[in-house]
Amino acid sequence: MTPRFDAIGLIVADMAASVAFYRRVGFAFPEGAENGPHAEAQLPGGLRLMLDTEEMVRSIVAGWQPPAGGGRHSLALLCDSPGEVDRVYEDLVSAGYEGGHKPWDAEWGQRYAVVHDPDGHGVDLFAPISAPSPSQ
């Protein structure tokens with residue numbers, strides 16, 4: 001058997017704040033997920049997003065500390081249109097989440113924006129600027 005990609009795991013300081021953020025962008029965490037040390041949301045295509053509290057990680061890895069700095073990874077969320085990139089970014093920033101980069105038309109043909117979740121994980125929002133031609 002070959003190992004297969006199944007889940008993305010993030011370590012979070014505040015489960016309730018993180019679940020609220022990811023629910024706001026459309027992840028379906030079950031009711032009550034904000035109250036535990038581990039939470040999972042099923043993603044389209046069969047993947048899962050798993051959140052674990054820092055305390056949970058310390059119970060497995062004694063002395064674990066969050067890494068200093070950030071920017072080593074991000075989650076990229078495909079939006080339906082360039083307008084949706086703008087709307088989702090504005091909704092999140094208006095709700096108090098930190099904007100990492102305001103929406104812009106990237107040279108690679110996508111409307112792109114970056115917002116940070118409560119722990120500083122980058123969440124990229126993107127959509128093709130124009131529909132691909134039938135030959136693509």
Evaluate salt bridge (charged side-chain N to carboxylate O under 4.0 Å, His left out) for Arg111 paired with Glu84, printing each intermediate quantity in order. CA-CA 9 Å; Arg111 184 73 172 164; Glu84 185 178 35; over 6 Å; no
Could you please spell out the steps behind the side-chain contact (heavy atoms from CB on, under 4.5 Å) verdict for Leu10 and His73? CA-CA 10 Å; Leu10 299 176; His73 68 274; 3.5 Å; yes
What do the steps show when you test Val88 against Val25 for side-chain contact (heavy atoms from CB on, under 4.5 Å), and what is the final call? CA-CA 7 Å; Val88 172; Val25 295; 4.3 Å; yes
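With hydrophobic clusters built from ILVMFWY side chains whose heavy atoms lie under 4.5 angstrom apart, Val57 does not share a cluster with Met50.
Smallest separation of non-hydrogen atoms from Glu54 and Trp64: CG-CZ3, 3.7 Å. Summarising the geometry of Ala7 relative to Leu47, their closest heavy-atom pair is N-CD2, 4.2 Å, with the distance given to 0.1 Å. Considering all non-hydrogen atoms of both residues, Phe126 and Ala76 come closest at CE2-CB, 3.8 Å. Residues Val19 and Ala39 approach most closely at CG2-CB, 4.4 Å, considering heavy atoms. What you find for Asp86 and Pro103 is that their closest heavy atoms are OD1-CB, 3.1 Å. Summarising the geometry of Ala17 relative to Pro118, their closest heavy-atom pair is O-CG, 3.5 Å, with the distance given to 0.1 Å.
Aromatic ring orientation, Phe27 versus Tyr22: perpendicular (interplanar angle above 60°, classes split at 30° and 60°). Using the six-membered ring where Trp is involved, Trp104 and Trp108 have ring planes that are perpendicular, over 60° apart on the 30 and 60° scheme.
Put simply, the side chain of Asp119 reaches to within 4.5 Å of the side chain of Ser18, judged on heavy atoms. Using a 4.5 Å heavy-atom cutoff, the side chains of Leu78 and Pro128 are in contact. Annotation: side chain of Tyr112 is not in contact with side chain of Val85 (no heavy-atom distance under 4.5 Å). Residues Leu77 and Val123 meet the side-chain proximity criterion, which asks for heavy atoms closer than 4.5 Å.
One finds the CD atom of Glu34 at 11.5 Å from the CG atom of Leu51 (value rounded to the nearest 0.5 Å). In this structure, the separation between CG on Asp117 and CG on Asp14 is 11.0 Å, given to the nearest 0.5 Å. With rounding to the nearest 0.5 angstrom, the SG atom of Cys79 is 9.0 Å from the CZ atom of Arg87. For the atom pair CG of Leu43 and CG of Leu49, the computed distance is 6.0 Å after rounding to the nearest 0.5 Å. Here Leu75 contributes atom CG and Ile8 contributes atom CD1; the two are 5.5 Å apart, rounded to the nearest 0.5 Å. Atoms CZ and CD1, on Arg58 and Ile11 in that order, are 9.5 Å from each other to the nearest 0.5 Å.
Remark: Asp91 engages Arg24 in a side chain to side chain donor-acceptor pair (under 3.5 Å) (not counting sequence neighbours).
Remark: aromatic rings of His116 and His121 are distant, center separation not under 6.0 Å.
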